[in-house]
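Report on the following structure.
Quick note on labels: first sequence line is chain A, next is B, and so on, each numbered from 1.
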Amino acid sequence: MWYYYLNYRIYLFYERKKDSMPVFFSFLATTTLISINILTLVAILSFTYPIFKNINKTHALTLMGLCSIFNYLILYRKKIYEDVFSDFNKTSDNYNGWNKSVLIYIIGSIVAFLVVLAIADYRHDGHF
Amino acid sequence: MQGGFVKVTEAARVYDERSYYGPHQRLELSIEIPEDGMLVAELTHQADEDVEIYFDDFSFNQLQEGFEVLQRMDYYPFGMPMAHSYKNDTRSQNRYWYNAGSRYNDSTGHYQMHYRHYDATLGRFNVVDPYANEFANLSPYNYGGNNPIMYNDPSGGRMYPNPDHLRSWRELASGGGGLGGGPMHSIGPGSGFHWSDGFGGSYGGGSYGSSGGGGAGYSGGNLTIDFNNIGRFGGQWSADGGYSDFRSSIEAGIAFASYNSLHGSWGATIFGDYNTFADSYNEGAGATVFMPERQVNTYGRKCFSCNSMINQNGGTTLQAGFGPGDELWNTISNTNNGVGFVVGGASESLGKYLHGRANPSNLVGWNKTTGTSIKTLLIKGAAVNRSLLNGAANTLRVGGAVLGGVGVVMTGAEIISGQKSLVGEGGLDLIMGGVAFIPGGGWIVSGAYFGGKALLEYTGNDFWNKK
């Protein structure tokens, strides 16, 4: 449910910007967010298990592909999002408490991603 | 079960003496052997400096009474066991003898190597050398170039003049310590015994090999491998005029490591981002010695679109586990990734522009009855179908945004795997990737960045990866 709300908030953001494809952008943004979450985990694992260090662009693309399939199945298949988003439109006041966590999640994902990349980078080069 | 090997170090020195013939040392090493087993002693001097070392008066002494020596092997230079060698045939016998522990066959009296069998009585192999064409001045049946002091031939293929090779050959097979007789000279470049010394100065200072891509090559007495400059397919290594492009830096590194093991040129190697590579394969930070997991042959042809790196001499594939098609994505170079960002950014901006042009103030052919428009002005004087324009704009924006998202994830993967650095190329790629999506002038800034970078890479002046 929280994940649906995350999608809804991103959708709302693009809709307010008068974007013509807010649904597509909420789909892409959540997919990218999940992907960089998993990539963050992979980077952390790579500090202990060198096998995770050998990821390449193929893996990155496969990861994004899987994430988008997951995202599609969970919310965007058969226009499930239409019902979900319209429900949120009606009852959005009930979910105001989640706004903060959504914001923290988005910013936290990006920051965590950059931080582990910085650490990975440091471990590779020995300096920043 | 106890295993491994004990090196005789400086600590084994009992005394120094200086005589008419030069200095000599007496070395003594005591080890405790708690179980039945075998002891193999290897008399080689393994050090970086180029000094001649001779051994004599070599002996084992058993200090504790009540124990039995089951086997003792001494050899003539070409490997025939001396008559006083002693084997207790009633016990399990060690048959890995001379020539870096080649197996001796009692029935035939031959040493059995991978390619051929060797008759130590004659000092000749039983069949022709598979690499005979490389040693045209020698009999194809020769052993170790007829110079068993300097060379040995643990595979029956090429003769090898260096201890590194012996170590890799045996250690890889057994996981144990080094075995067998070795050379008595340092064999680094410039010593007179190194493979490269035959080339004289003709290659000095220049790039050696057929790579043409820079990054790795033989120059000025050093071998270099640059893991940052990953070449056309993600990997690059060349010192012998053979392979120059690999599908990944790992493949390049394996060829490189094997090459150095074969030629004993570790000490003369300048590493690019070597620690990254060593860490990955030695499973530990700061590892300084890398041994390939298996013997590979670095001689081969330049490969631009092969599915597997089969070498010219037939046989070994450099690394298994690369499916066909894998190279497709690995060939997306930094440049292509950058171009993706630019195209994405431009598409996004252009798409938005086109979308903006599709608003009612730019419409022509307004149908008052239905309230719809058929055409819209693209620029002054040119009108296009509105739904087509909207479709095109949205398609471009979808393409642009997807490329942007994929680009961020891809760059992240590259940073994790050490192909790009965050503070530097990778980070700037991420920032510029973001900039490309700022409508208006953003994609121009990004375009200048990626375009300039691509130009530098293609002209061989890669700014980031310059060493």
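- Contacts between residues 99-112 of chain A and chain B, counted as heavy-atom pairs separated by less than 4.5 Å, involve no residue at all.
- With sequence neighbours excluded, no residue satisfies ring pair (Phe, Tyr, Trp, His ring centres under 6.0 Å) with A/F70.
- Residues from residues 32-42 of chain A that place a non-hydrogen atom less than 4.5 Å from a non-hydrogen atom of chain B comprise A/T32, A/S35, A/I36, A/L39, given in numerical order.
- Residues passing the side-chain hydrogen bond (donor to acceptor under 3.5 Å, both in side chains) test with A/Y95: none are found, sequence neighbours excluded.
- At a 4.5 Å heavy-atom cutoff, the contact between A/L117 and chain B is made by backbone and side-chain atoms alike.
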